[in-house]
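The structure appears right after this line, and notes come after that.
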Amino acid sequence: MIIILDFGSQYSELIARRIREINIYSEVVPHTITLEAIKEKGAKGIILSGGPSSVFEADSPKCTHDIFESGIPILGICYGMQLLARELGGEVIRGKKHEYGKSHLFIDNNFDLFEGLWLEMAIWMSHGDMVSKLPNGFQSIGHTENCPHAAMGHPAKKIFGVQFHPEVVHTPRGMDLIKNFVLRICGEEPNWTATSFIKTAIDEINAEVGDRKVLCALSGGVDSTVVAALLNKAIGDRLTCVFIDQGFMRKGEADSIQKLFCDKFEIDLIYINAQERFYRRIEGIVDPEQKRKIIGEEFIRTFEEKARELKSDYPFLAQGTLYPDVIESATVGVSSTAVKIKTHHNVGGLPEKMDFKIIEPLKKLFKDEVRRVGVELEVPDEIVYRQPFPGPGLAIRILGEVTPERVRILQDADVIVMDEIKAAGYYRKLWQAFAVLLPIKTVGVQGDKRTYLNTIALRAVTSEDAMTANWAHLPYELLETISSRIINEVDQINRVVYDISSKPPATIEWE
C-alpha cells in the first residue's frame with residue numbers, strides 16, 4: 001500500500017484514487033500519524049499531500065520527522081515538497097509571483113521520477129511559497145519560468161518533491177510520474193481490484209456487524225444500491241433496506257425504485273412516505289446549509305422510528321457516502337486542516353446524537369470506483385450508470401423556500417431535461433445534467449400577453465470524480481429544444497438560462 005499524509009488538500013483522496021487506478025491500494029491518513037503506525041500498515045511509499053497552509057505559519061501542519069530517515073520512499077506534492085525541503089535543511093521563500101493554473105515544467109533530469117518523460121511537460125501549479133535552496137544531497141530535476149526548483153530529488157534516499165499537482169487531469173502526464181514513483185521507486189505490484197475491495201469490505205462488515213442486523217438507507221441511486229448489494233452479500237437476510245420518500249424525488253421516481261427492487265433484487269425493502277413531515281420541517285427555510293442539516297437529521301429520526309417500530313435490534317445504519325461528500329464536508333477524521341465547502345446531508349448533516357452506528361463501506365471511493373464495484377456485484381446497468389442525484393433531492397435544486405408547488409414545477413422541468421439529454425445520446429457522456437429553479441421572476445411575452453414568471457437554470461457538467469468539473473459544451477440545438485419544451489410545457493416558467501461555470505470556482509450543485 002501507499003500512504004498519503006493529508007495536510008488538508010482538497011485533492012488528497014484524488015491522489016489515492018490515481019494510485020488505485022493502477023490497481024494498487026492507497027490510503028489517506030492524518031499527517032500526525034506515527035512512523036510505527038505507517039510501518040504496521042506495511043506501507044511501501046509515503047506521499048505528502050498539498051494543503052492550504054504555508055510553512056511560514058506558526059501552526060502550520062507537520063509530520064513526524066523520523067519518516068525522512070525511515071528508508072521508505074517519499075514524494076512531497078506542493079505544500080508537501082515545501083515541508084520536505086524545510087525539514088531536511090533547505091530553504092523556502094514567499095514567492096514574488098504566485099503561480100495558479102497551467103504552466104510548463106522543464107525537466108532537468110529524466111531518471112527515476114521523470115523516467116520516460118521528455119524535456120517539457122504541461123503541469124498544474126497552485127502555490128505562493130517556493131523552495132529557494134535545496135537540502136544537502138538533493139538536486140533540482142525540474143523548473144518553470146517562475147520556479148527554479150519545481151521538482152527536486154535525492155535518488156539514493158528515494159525522496160522526491162514536486163511543486164505542481166500530478167494527480168489532477170490538468171497535468172496530462174501526471175499519471176506517468178505517479179506510476180514512476182509507485183511502481184519504479186517504491187517497487188509496488190498492481191494487485192488491488194474491485195474484487196479484492198469487495199472481499200476486504202465484506203470481511204470488515206462481518207467483523208463490525210457480527211450476527212446483528214443492519215438498516216440500509218436506500219435512495220435508488222448507484223451509491224446506496226451498491227452498498228445494499230455489498231451488505232446483502234456480506235450478511236444476507238439480516239439486511240433490511242428502507243426507502244424514505246421525502247417528497248423531493250424526481251417525478252415518478254418513488255414508484256420506479258420500488259418496482260426495480262421488487263423485480264431485480266431479493267432484498268427486504270420498506271417504503272416510508274414521509275413527505276408531510278419533511279415539508280413541515282423545512283417550511284420557510286431558505287439557507288442551503290440549514291436545508292441540508294434539517295433533511296439529514298430528519299432522515300436519521302425517521303430511520304430510528306422505523307427501527308423501534310420493527311421491534312428488532314438494528315444498531316447499524318448503512319449509507320452510500322462517497323469520498324467527495326466527506327472531503328467537501330471537512331468532517332472530523334478526514335483532516336483537521338481541510339476547509340469545509342458545504343455540508344452533505346449524510347456526512348456533516350448527521351445529528352450529534354442518534355441511535356445508530358453508521359456503516360459507510362464506500363466512503364473512501366469515488367463514483368467511478370463504486371461503479372466498477374457495482375458491475376462486479378452484478379448491479380443492473382440502469383442503476384450503475386445513473387447520474388448522481390443528491391440525498392436532499394430537489395430541495396437543494398430549488399433556491400429559496402421549498403414548497404410542494406415549487407417541487408412540482410421543478411419535477412416537470414427535470415423530466416424534460418432528462419428526456420432530451422437521453423434522446424440526444426448525452427446521458428452517459430455527462431457527469432450530471434439537471435434543472436435548478438431560481439428564486440427569480442422575469443418579464444416575458446407569451447400569447448401576446450405580458451408574463452412575470454419563474455426562471456429555470458440548466459446545469460450540465462463533465463467530470464471524472466466530481467472533485468473538479470467542466471461545464472458541458474452541449475449543442476445549441478439541444479439547448480434550444482430543452483428551453484423551448486420547458487417554457488411551452490411547464491407552467492410558471494418563462495425563461496431558461498444555461499450555467500457555464502466550472503468547478504472550481506463553482507460547485508456542481510447550486511446549493
Do [X] and [Y] come close enough that some side-chain heavy atom pair is under 4.5 Å?
{"X": "Leu458", "Y": "Val417", "result": "yes"}
{"X": "Ile493", "Y": "Leu453", "result": "no"}
{"X": "Ile257", "Y": "Met249", "result": "yes"}
{"X": "Val227", "Y": "Gln319", "result": "no"}
{"X": "Met1", "Y": "Ile3", "result": "yes"}
{"X": "Val461", "Y": "Leu430", "result": "no"}
{"X": "Ile244", "Y": "Lys306", "result": "no"}
{"X": "Tyr79", "Y": "Ser53", "result": "yes"}

Response to the item:
Applying side chain to side chain contact (heavy atoms under 4.5 Å, CB included) to Ser256 and not counting sequence neighbours gives Glu253
Worksheet item: Excluding sequence neighbours, so at least two apart, what forms ring-ring contact (aromatic ring centres under 6.0 Å, His included) with Trp124?
Response: His170
Worksheet entry | Residues that Tyr25 engages under ring-ring contact (aromatic ring centres under 6.0 Å, His included), provided they are two or more places apart | Trp192
Worksheet item: Between Arg397 and Phe389, does a side-chain contact (heavy atoms from CB on, under 4.5 Å) hold up when you go through it step by step?
Response: CA-CA 10 Å; Arg397 291 179 180 173; Phe389 187 71; 3.6 Å; yes
In chain order, what residues pass the side-chain hydrogen bond (donor to acceptor under 3.5 Å, both in side chains) check against [X], with sequence neighbours excluded?
{"X": "Gln258", "answer": "none"}
{"X": "Arg17", "answer": "Glu21, Asp368"}
{"X": "Ser484", "answer": "Asn488"}

Separation between [atom1] of [X] and [atom2] of [Y], rounded to the nearest 0.5 Å:
{"X": "Asn206", "Y": "Ile235", "atom1": "CG", "atom2": "CD1", "value": "8.0 Å"}
{"X": "Ile178", "Y": "Ile77", "atom1": "CD1", "atom2": "CD1", "value": "6.5 Å"}
{"X": "Ile416", "Y": "Thr481", "atom1": "CD1", "atom2": "OG1", "value": "11.5 Å"}
{"X": "Ser26", "Y": "Ile4", "atom1": "OG", "atom2": "CD1", "value": "2.5 Å"}
{"X": "Ile15", "Y": "Glu167", "atom1": "CD1", "atom2": "CD", "value": "4.5 Å"}
{"X": "Ile508", "Y": "Ser502", "atom1": "CD1", "atom2": "OG", "value": "10.0 Å"}

Do the side chain of [X] and the main chain of [Y] share a donor and acceptor less than 3.5 angstrom apart?
{"X": "Arg292", "Y": "Ile396", "result": "no"}
{"X": "Glu401", "Y": "Gly284", "result": "yes"}
{"X": "Asp268", "Y": "Thr240", "result": "no"}
{"X": "Ser219", "Y": "Gly221", "result": "yes"}
{"X": "Glu188", "Y": "Val182", "result": "no"}
{"X": "Gln275", "Y": "Asp245", "result": "no"}
{"X": "Arg212", "Y": "Glu208", "result": "yes"}
{"X": "Thr171", "Y": "His165", "result": "yes"}
{"X": "Arg372", "Y": "Thr193", "result": "no"}
{"X": "Lys291", "Y": "Ala395", "result": "yes"}

Using residues 434-450 as the side-chain source, report each donor-acceptor pair under 3.5 Å to any protein atom, sequence neighbours left out, with the distance given to one decimal.
from	atom 1	to	atom 2	distance (Å)
Thr442	OG1	Asn494	OD1	3.3
Thr442	OG1	Arg495	NE	2.9

Discussion item. Ile421 vs Leu478, test: side-chain contact (heavy atoms from CB on, under 4.5 Å). Steps then yes/no.
Written reply: CA-CA 8 Å; Ile421 289 293; Leu478 176 56; 4.1 Å; yes
I need the minimum non-hydrogen distance between [X] and [Y], along with the two atoms involved.
{"X": "Leu239", "Y": "Cys216", "answer": "CD1-CB, 3.7 Å"}
{"X": "Ile24", "Y": "Pro190", "answer": "CG1-CA, 3.7 Å"}
{"X": "Asn191", "Y": "Ser196", "answer": "O-OG, 4.1 Å"}

Practice prompt. Could you note down all residue pairs passing ring-ring contact (aromatic ring centres under 6.0 Å, His included) where residues 201-249 supplies at least one of them, sequence neighbours left out?
Written response: Phe243-Tyr271, Phe248-Tyr279
Worksheet item: Which residue pairs pass the ring-ring contact (aromatic ring centres under 6.0 Å, His included) test with at least one member in residues 462-493, sequence neighbours excluded?
Response: Trp471-His473
Mind listing the side-chain donor-acceptor pairs of residues 40-51 below 3.5 Å, one per line with the distance, residues two or more places apart or on another chain?
from	atom 1	to	atom 2	distance (Å)
Lys41	NZ	Glu27	OE2	2.8
Ser49	OG	Leu5	O	3.3
Ser49	OG	Phe7	N	2.9
Ser49	OG	Ser12	OG	3.4

Worksheet item: Can a salt bridge be assigned to the pair Arg301 and Glu297 using a cut-off of 4.0 Å between side-chain N and carboxylate O?
Response: yes
Worksheet item: Ion pair present between Arg277 and Glu305, side-chain N to carboxylate O less than 4.0 angstrom?
Response: yes
Worksheet entry | Positive for side chain to side chain donor-acceptor pair (under 3.5 Å) with Glu13, one of Arg20, Arg18, Lys363 | Arg20
Worksheet entry | Neighbour count >12 (heavy atoms, 6.0 Å) for atom CD, Glu480 | no
Item to complete: Report the C-alpha separation of Glu283 and Arg280 in whole Å, then their side-chain angles, then the decisive distance to 0.1 Å, and conclude whether the salt bridge (Lys or Arg N to Asp or Glu O under 4.0 Å) test is met.
Response: CA-CA 5 Å; Glu283 183 178 358; Arg280 189 166 56 250; over 6 Å; no
Discussion item. Could you tell me if Arg428 sits above the aromatic ring of Tyr385, with its cationic atom closer than 6.0 Å to the ring centre and no more than 45 degrees from the axis?
Written reply: yes
Item to complete: Start with the C-alpha distance between Leu218 and Thr225, add both sets of side-chain angles, then the distance that settles side-chain contact (heavy atoms from CB on, under 4.5 Å), and finish with yes or no.
Response: CA-CA 7 Å; Leu218 186 69; Thr225 302; 4.1 Å; yes
Item to complete: For Ile409 and Val490, run side-chain contact (heavy atoms from CB on, under 4.5 Å): C-alpha distance rounded to whole Å, both residues' side-chain angles, the deciding distance at 0.1 Å, then the answer.
Response: CA-CA 7 Å; Ile409 292 171; Val490 182; 4.0 Å; yes
Worksheet item: With sequence neighbours excluded, what pairs up with Asp287 under the salt bridge (Lys or Arg N to Asp or Glu O under 4.0 Å) test?
Response: none
Worksheet item: Which residue pairs pass the side chain to side chain donor-acceptor pair (under 3.5 Å) test when at least one of the two sits in residues 408-419, sequence neighbours left out?
Response: Arg250-Asp414, Lys251-Asp412, Glu405-Arg408, Arg408-Asp412, Arg408-Asp491
